[in-house]
Every structure is written in structure tokens, then in C-alpha cells.
There are 2 protein chains.
Amino acid sequence: MQQNSIYEIKEFLRSKGINPSLQRIKIYQYLLKNRTHPRVEDIYAELVNEIPTLSKTTIYTTLNLFVSKGIVSKIMIEDGEVRYDIDTTPHGHFKCIKCGRVYDIDIKPSIFKDISTDGHQPIEYHFYVIGICKECLEKEKEEVAQA
Amino acid sequence: MQQNSIYEIKEFLRSKGINPSLQRIKIYQYLLKNRTHPRVEDIYAELVNEIPTLSKTTIYTTLNLFVSKGIVSKIMIEDGEVRYDIDTTPHGHFKCIKCGRVYDIDIKPSIFKDISTDGHQPIEYHFYVIGICKECLEKEKEEVAQA
DNA sequence: ATCATTGCAAACACTTTGCATACGC
DNA sequence: GCGTATGCAAAGTGTTTGCAATGAT
């Protein structure tokens, strides 16, 4: 899916067995455009402007539907903060403790092979890092320079 | 801390600046003995037998204290299920989707070095795998054999 | 007597459920 | 017109907070 026209989203959802209602299309479109691992809160805040009757219930049920169909993944990093990611390919996340943003990080698939799961059968690998992001590091440097 | 006598736990907590109350000692001791990444629920169910007046509030506040002192770590794998781990050294976890148990898995420190965090400054690395554990795989085999 | 810890009850935040309404084919 | 999706309100869950009672020194 390179372009993200409403038409393409409709077709895509249909191909996954999902009835493309307005709300579902808009939520999917939001995830395509905002690859920032948004929370339900974020999606609601933005879309309620376009669809004033939108309820969080619909966002919850829609995201659960997308996850169950395998087109979106649910990510949990910390504090019971649930985020959604339209990129379902194996990759890691970096969460900044200063600004709270979550970035994608590349993980070479070979790394997963190097990890012994001790006789257990792996299905999904999850990896994330907590730290301070590039932008926040820059800001800190500037502040020090100014002082 | 090889042996886990009450005396040693007391000394240990004191050394970390934690006043060793009965509840705190028992909770710490529980974590030492049950290296199964228990939830608040599990700790409560067990300890309420020994301390009938014990409340979950105390478990929550105690665990938060332990985490803030760096002697226990909080792990979140899925579903907003919060677990506590007395092993604060870097390692990964394996969660079985059949039985729900969480196992420790070794992670070679070199793996962390191989991961590019894309210019962000890493502080903590977290790694977990979802799958089916050894025991559940065995059980499945037996069931097939019997059929 | 003082200060910290405990534990009940209430508050909270997030998510799901029940159900009546509205929508689309 | 029928089956599905929506969205309100209520219920449910896990955790924290306010505060009075208790405990330790």
C-alpha cells in the first residue's frame, strides 16, 4: 500500500474481511499517516474533529478488530500504556523517557536467530529500548550551551 | 544473597535504605523464593495466609518502593499484565500463550551492542518472546500419542 | 511522643459490555 | 427489512490516594 487513498483503504480492508465503514476507514487512515504509535486517546482527539459523533468505544472495538485480523499490532512498552502500530513486520521500539515519543528501530532478523529460547517454541519476538532520543539529546546540549 | 534467611533479608533491605517491616520482608522473601515473575494477585493470594490483615495496597506500595530502590524490576509483557522480577540483571523473558507462565531467557550482552538505536541514547534494553513453552509442547505430544 | 507503615474505602483511569439507535445493502 | 456498526451509559479491572488506626523506637 503505497498511496493511501480512501479507495485503496476500502479495498484493503475488504480484502481482509473487514467491512469498510467510515469510522474504520478513518482510523486506518490515521494509523497510516501517523506512524507515531498512537494511543486510543491520540486517535480520538484527532478524529473527533472530523467525526463529531465518534466514540472511544468505536475506536477500541475497531482496533481490536484490526489486531485480530493481523493488520495492526498492539504494543505495550510501559505503565500500561497501550499503543498501536500499523507496521506489523518484526522491528523494535525506542521510547524516550523525556518526551515520551516512540520510535521504530531496525532489528536484523539474524539477531532473533541468535537468541536461544531454551527449548521453548518462539512465535513472536518483541524488543524495545528505553532511553533519551536524538531530539531530546540535542535540546539538552543547546540548553547547556546557552547556560 | 545465597541464603535467604529473614536476618539476611533484613540486613539487605536496610542496606538499601528500606525499613524492614514484616510485610516488606515477607514480600521480598516471596519474590526470592518464587522466581516466576508473580503478579500482585499471586503475591497477595499466598501471603494473605501468613498475614491475614495484609492488604493489596501494601503490596502495591511495597513493590513500588522496591522498584524505586532498584532491587526489583517491573515487567510488562502483554494485556496490561504487570509482573515483578527480583532479577534486575539484563535478561529476556519468554511467555507461554498456553499456560501463561513466564520464563527467563539468557541474552548475550553482545546482542545489545549489535542493535543500532539510530542515534538515540539507550538506557535499558527489554526483550521478550511469546510462544509455547517446553512443558506445553510435551503435553501436546502426549495428547497426540494417546489419540 | 513522634514518625513511618499499614490497610480500608474511595477515587481513578482505561477498557469492555449491554443495549437501543442508526446505517447500508 | 435485516444484519451490522455505532455510541451512550454502565460495569469491570487494576492501581493509586486520602486518611485514620496501628506499630516501632
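No hydrogens, no waters, no symmetry mates; every other heavy atom, side chains included, goes into these values. Numbers restart at 1 for each chain; the letters A, B, ... are given by sequence-line order, proteins then strands. All values reported here derive from a predicted model rather than from experimental measurement.
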Return the 5'-most residue of the pair A/Lys74, B/Ile18 with respect to DNA chain C, ranking by each residue's nearest nucleotide.
B/Ile18
Output the residues of residues 52-73 of chain A in contact with DNA chain D, where contact means a heavy atom of the residue under 4.0 Å from an atom of the strand; sort by number or write none.
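Listed by number, they are A/Thr53, A/Leu54, A/Ser55, A/Thr57, A/Thr58.
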Look at the aromatic rings of [X] and [Y] and report parallel, tilted or perpendicular, splitting at 30° and 60°.
X: A/Tyr125; Y: B/Phe127; answer: tilted
X: A/His126; Y: B/Tyr128; answer: parallel
X: B/Tyr103; Y: A/His120; answer: tilted

Assess whether side chain to side chain contact (heavy atoms under 4.5 Å, CB included) is satisfied between B/Arg101 and B/Thr36, documenting all intermediate values.
CA-CA 7 Å; B/Arg101 268 177 289 212; B/Thr36 54; over 6 Å; no
[N] [atom2] sits how many Å from [X] [atom1], rounded?
X: A/Asn19; N: D/dC2; atom1: CG; atom2: C1'; result: 14 Å
X: A/Glu78; N: D/dT15; atom1: CD; atom2: C1'; result: 16 Å
X: A/Ile25; N: D/dT6; atom1: CD1; atom2: P; result: 10 Å
X: B/Glu81; N: D/dG14; atom1: CD; atom2: P; result: 10 Å
X: A/Leu13; N: D/dT4; atom1: CG; atom2: C1'; result: 15 Å
X: B/Asp42; N: D/dT15; atom1: CG; atom2: P; result: 11 Å
X: B/Ile51; N: D/dG23; atom1: CD1; atom2: P; result: 13 Å

Are B/Ile75 and B/Tyr60 connected into the same hydrophobic cluster when the rule is that any two of I, L, V, M, F, W, Y join if their side-chain heavy atoms are below 4.5 Å apart?
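Per the 4.5 Å side-chain linkage, B/Tyr60 and B/Ile75 are not co-clustered.
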Are A/Met76 and A/Val72 connected, step by step, through hydrophobic side chains (Ile, Leu, Val, Met, Phe, Trp, Tyr) whose heavy atoms are closer than 4.5 Å?
yes
Does B/Gln23 reach a base, just sugar-phosphate, or nothing at all? Heavy atoms under 4.0 Å.
sugar-phosphate
Global bending angle along the helix from C/dA1-D/dT25 to C/dC25-D/dG1, which compares the axes of five pairs at either end, to 10 degrees:
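The two end axes of the helix from C/dA1-D/dT25 to C/dC25-D/dG1 meet at 10°.
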Measure centre to centre between the rings of B/Phe66 and B/Tyr84, then say whether the value is under 6.0 Å.
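Aromatic pair excluded; centres sit 6.0 Å or further apart.
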Nearest heavy-atom approach of B/Val129 to A/Pro122 is CG1-CB, 3.6 Å
Cut-off 3.5 Å, side chains only: do B/Thr89 and B/Asp87 have a donor facing an acceptor?
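Present: a donor and an acceptor within the cut-off.
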For B/Gln121 and A/Glu140: C-alpha separation, side-chain torsions, deciding distance, then whether side chain to side chain contact (heavy atoms under 4.5 Å, CB included) applies.
CA-CA 12 Å; B/Gln121 187 183 75; A/Glu140 275 183 14; over 6 Å; no
Apply side chain to side chain contact (heavy atoms under 4.5 Å, CB included) to residues B/Asp85 and B/His93 and explain how you reach the verdict.
CA-CA 10 Å; B/Asp85 192 346; B/His93 295 107; 2.9 Å; yes
Taking any atom under 4.0 angstrom from a heavy atom of chain A, which nucleotides of DNA chain C are the first and last to qualify, 5' to 3'?
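Range of nucleotides within reach of chain A: C/dC14 to C/dT17.
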